[in-house]
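The structure under discussion appears below in the form of structure tokens.
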Amino acid sequence: MESLQHDLAAAATFADDHNIASEAVAIDEPADLADGLPPARSGADASDAPVVVGVDQAFRTGDSDGSGGSDEAVSAAVAVRDGVVIEYASAATPLSIPYVPGLLAFREGESLLAALDALSVEPDLLVCDGSGRIHFREAGIATHVGVLRDVPSLGVAKSLLCGVPDEPTDERPTGWRTPIRADDSVETIEALAGATAPVIGHAYQSRQYPNSRRVNPLYVSPGHRVSAETVVDLVEALCAGYKLPEPTRLADAYADVAKRTDGE
DNA sequence: GCGACAG
DNA sequence: ATCTTGTCGC
């Protein structure tokens, strides 16, 4: 699996080859998840805005339903355009391997790809939960699925897998960001360059409270066909008041519903 | 051998 | 990720 990740990283493009303007994907109003998920408004309204697809996973444990089923990964994909949900899709696949840091894509990737295939719209950008280039072999789940489907993708993680921030990330104001550079644990592809360690992502403070409890920053990184700098701008545009980008919040909520609805 | 480690 | 109510604070 490690060698496959090296191949995927080599095939990945950590630069902007597909011009996705952050202004074109900006979301102003956060969805109100209190009254359930917003209805999919797949109107035939021709829009030129990019289709951003947020994906997330939830899990269904063994035979909690008494059917003796095995553990499954349930993936949810939510397509958003102009800040409006245009389609929901989900898929479930049995869990083959346990969670191992660095091998997440092999545990959750199958169901994620299946959910994407169940979508009728073509994604212009994939927003994954987890890392992309911030990975031991620069092939986190965002890079993994991005390369396999050859679609621009980025990863949004809530904690740092590897790499080191240029500056301390404690108690930073909203909008703050700092580069994450490869450390010794990263088997850098261009290990020859030497001099300065490559920037593999950024720590980004998407939300912060004035006084009380502190919020940890997000760790964003390129998946495929997007640069580390553009990723931060895209995530900033996709956040509408909450810590997580809207596509991710929606996919997270839908995954919870899907794990009880999809199947059985 | 010890430490570190997305979801 | 998941098992889970209340609770502290803006």
Side-chain angles (χ1 to χ4, degrees), chain A residues 1-2 5 8-9 54-65 69-77 90 92-113 115 126-146 153-165 169 171 173-174 180 182-187 200-204 206-224 228 231 235 241-245 248-249 251-260 262:
Chain A
M1 298 190 268
E2 281 85 352
Q5 294 186 320
L8 290 170
V55 291
D56 188 29
Q57 284 73 236
F59 298 89
R60 200 144 38 189
T61 303
D63 70 337
S64 58
D65 57 357
S70 57
D71 290 10
E72 296 179 308
V74 179
S75 290
S90 65
T93 60
L95 289 172
S96 49
I97 65 171
Y99 167 69
V100 177
L103 301 180
L104 182 68
F106 292 95
R107 175 178 165 81
E108 311 181 344
E110 300 82 346
S111 65
L112 198 167
L113 291 170
L126 226 51
V127 178
C128 308
D129 59 310
S131 298
R133 195 180 180 183
I134 294 180
H135 181 272
F136 307 130
R137 291 164 291 280
E138 302 189 291
I141 193 165
T143 299
H144 193 105
V145 301
S153 66
L154 62 83
V156 176
K158 294 179 288 297
S159 58
L160 193 59
L161 174 62
C162 60
V164 288
T169 63
E171 301 173 42
T174 299
I180 297 295
D183 58 12
D184 295 331
S185 72
V186 180
E187 301 170 31
I200 55 178
H202 286 83
Y204 171 64
S206 58
R207 186 180 191 189
Q208 190 53 281
Y209 297 113
N211 301 309
S212 76
R213 176 180 164 183
R214 76 180 198 185
V215 177
N216 294 316
L218 291 177
Y219 296 94
V220 305
S221 59
H224 183 44
V231 165
V235 171
Y242 288 87
K243 173 175 179 175
L244 296 174
T248 303
R249 279 186 71 223
D252 191 56
Y254 183 49
D256 277 328
V257 175
K259 76 176 177 182
R260 293 193 49 188
D262 196 44

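Every chain is numbered from 1 and lettered A, B, ... according to where its sequence line falls, protein lines coming before strand lines. These values consider heavy atoms only, across backbone and side chains, with no hydrogens, waters or symmetry-generated copies. Keep in mind it's a predicted model, so treat the numbers as computed, not measured.
Interatomic distance, CD1 of Ile134(A) versus SG of Cys162(A), reported as 7.0 Å (0.5 Å rounding).
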query: Under a cut-off of 3.5 Å for both distances of each Watson-Crick or G-U pair, what dot-bracket string does DNA chain B give, using [ ] for crossing pairs and | for inter-strand pairs?
result: .......
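Side-chain contact check for Val220(A) versus Leu154(A): every heavy-atom pair is 4.5 Å or farther apart. Residues His135(A) and Gln5(A) meet the side-chain proximity criterion, which asks for heavy atoms closer than 4.5 Å. The shortest side-chain heavy-atom distance between Asp252(A) and Asp129(A) does not fall under the 4.5 Å cut-off.
A donor-acceptor pair shorter than 3.5 Å cannot be found between the side chains of Thr174(A) and Gln208(A).
Look at CG on Leu161(A): it is 9 Å from P on dC5(B), rounded to the nearest Å. Protein atom CG of Leu95(A) is 11 Å distant from nucleotide atom P of dT2(C), rounded to whole Å. A straight line from CD of Gln5(A) to C1' of dC5(B) spans 14 Å, rounded to a whole angstrom. Between the C1' atom of dA6(B) and the CD1 atom of Ile180(A) lies a distance of 13 Å, rounded to the nearest Å. Between Arg60(A) atom CZ and dC3(C) atom P there is a gap of 13 Å when expressed in whole angstrom units. Between the CG atom of Leu112(A) and the P atom of dG7(B) there is a distance of 14 Å, rounded to whole Å. At whole-Å resolution of the value, NZ in Lys259(A) and P in dA1(C) are 10 Å apart.
If you check every strand for non-hydrogen atoms under 4.0 Å, Gly155(A) touches nothing. Within the 4.0 angstrom heavy-atom criterion, no nucleotide atom of any strand lies near Ile134(A). Among the atoms of the strands shown, base atoms are found under 4.0 Å from some heavy atom of Tyr99(A). Ala58(A) comes within 4.0 angstrom of the backbone, heavy atoms only, and of no base.
Using modelled atom types, no side-chain atom of Ser153(A) and backbone atom of Leu126(A) make a donor-acceptor pair closer than 3.5 Å. Judged by distance alone, the side chain of Ser221(A) and the main-chain N or O of Gly201(A) form no donor-acceptor pair under 3.5 Å. Judged by distance alone, the side chain of Arg133(A) and the main-chain N or O of Pro222(A) form no donor-acceptor pair under 3.5 Å. Arg60(A) places no side-chain N or O within 3.5 Å of a backbone atom of Asp71(A) that could act as its donor or acceptor partner.
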Show me the protein contacts with nucleotides 1-4 of chain B, counting only N or O atoms at under 3.5 Å.
none

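Here Tyr219(A) does not count as stacked on dA6(B), because the ring centres are not under 5.5 angstrom apart with planes under 30°.
Among the nucleotides dG7(B), dC5(B), dT2(C), the one closest to any side-chain atom of Pro101(A) is dC5(B). Here the side chain of Asp129(A) is nearest to one of dG7(B), dA1(C), dA6(B), namely dG7(B).
Contact annotation: Lys158(A) reaches the phosphate of dG7(B) (side-chain N/O to OP1 or OP2, under 4.0 Å). Using a 4.0 Å cut-off, no side-chain N or O of Ser159(A) falls inside it from OP1 or OP2 of dC5(B).
Both tests pass for Arg249(A) against the ring of Tyr242(A): distance under 6.0 Å to the centre and angle within 45° of the axis.
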